[in-house]
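A, B, ... follow the sequence lines: proteins, then strands. Residue 1 opens every chain. Reckoned from all heavy atoms, side chains included, excluding hydrogens, waters and symmetry mates.
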Amino acid sequence: MLRMLLFFVVLKTLLHTLNKLIFMNLNIHSRPAMKPEISEQILSVPHKLLNWYDQNKRLMPWRPRDGSRPDAYKVWLSEIMLQQTQVATAIPYFEKFLNRWPSIFKLAEANLDDVLIEWAGLGYYARARNLHRCAKIIVNNFNGIFPNQEEKLLELPGVGTYTAAAIMAIAFDTKATPMDGNFERVTARLNAIEKPLPAAKPLLKKYATMITPDYRPGDYAQAVMDLGATICTPKKPRCNKCPVNGSCLSLEKGKTEVIPKKTPKRKKPSRFGIAFLCINTNNEILLQRRPDKGLFAGMMEVPGTPWTENPPSQAQIQNSEPFKTDWQVVPGTIIHVFTHFKLEIKVLRVNLKYCPKADSLAWHPADTFQKAGLPSLMLKIIRHGLK
DNA sequence: AAGGCGGGGCG
DNA sequence: CGCCCAGCCTT
């Protein structure tokens, strides 16, 4: 009995020393004042998450089924598409792109216009421009091979801290911690961080980096993100199904619903505009190209008034109309919400009796408007106007 | 540090 | 409706 007790005491001391060593090691570069406290339970999280990941791996076209390392091209392409975009939305685009441009070399040879057309509907169109620019850089300056250094990756257009870390971890299985919204939420909940986002981002990164394992860091990163997407969801997390519910400080304190906290955002302003849906005698729709900077840069659009703080006056409408003609008001209003404002569009329509030609304007067959490479807002406008 | 930049899903 | 995203870039 005494021997048993002694054994446990020794074991506990050993474990404690081990934890301390790991802890010191992980904090070697951080300042003492910023050193976050971390519970011993949290240290068991990586192992548990990797086990969970192995048993619940979600099928995605950029994830090899056999557990091998995915191609860096696929990792990069998928990660760019996944920026502020959910997996289900990105999958069909990934398939289209990989089918049409199977390698970074093919993508680098593509026309930017074709890339933009294939990207249409996915949003944040600067991503498509940067994607194409980046492909050219990788081919011309790196012989088509992605560098396996985080600093080099960070210099690439469209690759920020998250994506650089994601490529390092997932493509090269190198220790890195890609902090996305999921990773932040999981980290905040596990450690019961009360500080609100986005101010807490550096702190969360520190906590997350401390327990990132040397072993399978790529799978670990994907495990955390999968956990955030399926179990540790923003609202109503499924804690009863969580593989690390024994290590979660927020759950222990009953605070999973209020962590992470967020500083309130200011209300979105509203803007108003008129769109002109012109249909000619060939059953074609009038389109025009937007400037190559700003919202929907370089994308095709339905002509319209500028989007202003108040509904446009009759004079402003006449100022913007592509032709003097007898416009018919299409009943109803289109509401489209951007990140930073809400847009209300009314549609004016006319079936022209002739086929006018004009510079910087283009006609597209009305029955195949879905394939014109238009942003979703423009598809909404056309669908609404054709009813 | 703050703001511009899409779109879809969910409750 | 409002909220939330597998963020990056410019100013």
Side-chain angles (χ1 to χ4, degrees), chain A residues 58 60-63 74-94 116 119-131 133-134 153-167 169-170 176-188 197-199 201-202 205 208 218 221-230 232-237 257 260-271 290-299 301 307 333-344 374-380:
Chain A
R58 299 163 74 202
M60 296 175 198
W62 48 85
R63 262 180 200 177
K74 293 184 188 173
V75 174
W76 165 72
L77 181 59
S78 63
E79 289 302 339
I80 300 293
M81 289 181 169
L82 288 168
Q83 290 167 8
Q84 297 286 278
T85 306
Q86 305 205 338
V87 170
T89 308
I91 284 179
Y93 286 85
F94 180 84
L116 285 174
W119 197 273
L122 199 50
Y124 286 127
Y125 297 96
R127 290 188 294 173
R129 298 167 166 275
N130 287 330
L131 185 84
R133 263 214 298 154
C134 184
L153 291 170
L154 276 171
E155 293 173 10
L156 298 170
V159 177
T161 52
Y162 164 75
T163 307
I167 294 173
I170 299 170
T177 311
M179 296 298 287
D180 66 345
N182 286 321
F183 218 129
E184 285 172 355
R185 185 172 58 255
V186 170
T187 306
L197 283 167
K201 278 172 184 279
K205 173 116 187 179
Q222 295 182 87
V224 177
M225 291 191 272
D226 280 13
L227 187 79
T230 61
C232 196
T233 47
K235 290 181 180 173
K236 302 196 175 192
E257 293 281 0
K261 296 179 175 171
K262 306 202 82 173
T263 50
K265 298 170 197 166
R266 64 184 180 83
K267 197 167 164 270
K268 281 183 209 294
S270 284
R271 289 197 203 168
R290 290 180 64 90
D292 60 2
K293 292 207 177 234
L295 198 59
F296 299 127
M299 306 298 287
E301 69 169 351
W307 302 334
T333 305
I334 294 167
I335 310 284
H336 192 78
V337 183
F338 294 94
T339 317
H340 47 305
F341 65 93
K342 185 175 112 175
L343 181 62
E344 296 188 24
L374 294 168
S376 296
L377 168 61
M378 301 305 159
L379 297 182
K380 252 195 246 182

Legend entry - C:dA6 to B:dG11 separation - P atoms, rounded to the nearest Å: 15 Å

Inset, instruction - Pick base, sugar-phosphate or nothing for A:Met60, based on heavy-atom distances below 4.0 Å to the nucleic acid. - result: base

Inset, instruction - Flag the pair A:Phe296 / A:Phe338 as yes when their ring centroid distance falls below 6.0 Å, and as no otherwise. - result: yes

Legend entry - Any A:His340 side-chain nitrogen or oxygen under 4.0 Å from OP1 or OP2 of B:dG4: no

Inset, instruction - Give one of base, sugar-phosphate or nothing for A:Val337, where a contact means two heavy atoms less than 4.0 Å apart. - result: base

Inset, instruction - Say whether, by atom type as modelled, one donor and one acceptor occur between the side chain of A:Thr89 and the main chain of A:Thr85 under 3.5 angstrom. - result: no

Inset, instruction - Look at the side chain of A:Leu295 and decide which nucleotide, out of B:dG7, C:dC4, B:dG6, has an atom nearest to it. - result: B:dG6

Inset, instruction - Tell me what A:Gly294 touches on the nucleic acid: a base, only sugar-phosphate, or nothing, going by heavy atoms under 4.0 Å. - result: sugar-phosphate

Inset, instruction - From the options C:dC9, B:dG6, C:dG7, select the nucleotide whose nearest atom is closest to the side chain of A:His336. - result: B:dG6

Legend entry - Nearest-nucleotide comparison on DNA chain C, the residue closer to the 5′ end among A:Asn130 and A:Ala229: A:Ala229

Legend entry - Atom pair distance, as rounded to whole Å: CH2 in A:Trp119 and C1' in B:dC5: 13 Å

Legend entry - Most 5' of A:Tyr124 and A:Tyr93 on DNA chain B, judged by nearest nucleotide: A:Tyr124

Inset, instruction - Go through the side-chain N and O atoms of A:Arg58 and A:Gln222 and say whether any donor and acceptor fall under 3.5 Å apart. - result: no

Inset, instruction - Pick base, sugar-phosphate or nothing for A:Thr233, based on heavy-atom distances below 4.0 Å to the nucleic acid. - result: nothing

Inset, instruction - For DNA chain B, find the residues of residues 76-85 of chain A with a heavy-atom distance under 4.0 Å and give them by number; none if there aren't any. - result: A:Gln84, A:Thr85

Inset, instruction - Measure from CD on A:Gln86 to P on B:dC10 and round the result to the nearest Å. - result: 8 Å

Inset, instruction - May I have the distance from A:Arg127 (atom CZ) to B:dG4 (atom P), rounded to whole angstrom? - result: 19 Å

Inset, instruction - Compare side-chain N and O positions of A:Ser376 against OP1 and OP2 of B:dG8 and report whether any pair is under 4.0 Å apart. - result: yes

Inset, instruction - Find the distance A:Phe338:CZ to C:dC3:P and express it as a whole number of Å. - result: 19 Å

Inset, instruction - Among C:dC1, B:dG4, C:dC3, find the nucleotide with the atom closest to the side chain of A:Lys235. - result: C:dC3

Inset, instruction - Would you confirm whether the ring centroid of A:Trp62 sits within less than 6.0 angstrom of the ring centroid of A:Phe94? - result: yes

Legend entry - Between B:dG6 and C:dT11 - P atom distance, rounded Å: 16 Å

Inset, instruction - Verify, without hydrogens or angle tests, whether A:Trp119 (side chain) and A:Gly123 (backbone) share a donor-acceptor contact under 3.5 angstrom. - result: yes

Inset, instruction - Would you kindly compare A:Pro157 and A:Arg63 by the position of their nearest DNA chain C nucleotide and give the one closer to the 5′ end? - result: A:Arg63

Inset, instruction - Output yes when A:Lys201 and A:Glu184 qualify as a salt bridge under the 4.0 Å nitrogen-oxygen rule, no when they do not. - result: yes

Legend entry - A:Asp180 bridged to A:Arg185 by N-O distance under 4.0 Å: no

Inset, instruction - Could you pull out the closest heavy-atom pair between A:Ala164 and A:Leu153, with the gap in Å? - result: O-CD1, 3.7 Å

Legend entry - d(CZ, A:Arg133; C1', C:dC8) in whole Å: 12 Å

Inset, instruction - With a 3.5 angstrom cut-off on both distances, give the Watson-Crick or G-U wobble partner of B:dG9, or none if there isn't one. - result: C:dC3

Inset, instruction - For the residue pair A:Ser270 and A:Glu344, confirm or rule out a side-chain donor-acceptor distance under 3.5 Å. - result: no

Legend entry - Short side-chain N/O contact to C:dC5 OP1/OP2 from A:Lys262, under 4.0 Å: yes

Legend entry - Listed nucleotide nearest any side-chain atom of A:Val87, set C:dA6, C:dC1, C:dC5: C:dA6

Legend entry - Value in whole Å for how far the C1' atom of C:dC9 lies from CG of A:Leu156: 14 Å

Legend entry - Given B:dG7, C:dC5, C:dA6, the nucleotide with the shortest approach to the side chain of A:Met225: C:dA6

Legend entry - Whole angstrom value for the distance that separates P of B:dC5 from CG of A:Leu377: 14 Å

Legend entry - Below 4.0 Å: OP1/OP2 of C:dC4 and any side-chain N or O of A:Arg185: no

Legend entry - Length of the line joining A:Phe183:CZ and C:dC5:C1', which is rounded to integer Å: 17 Å

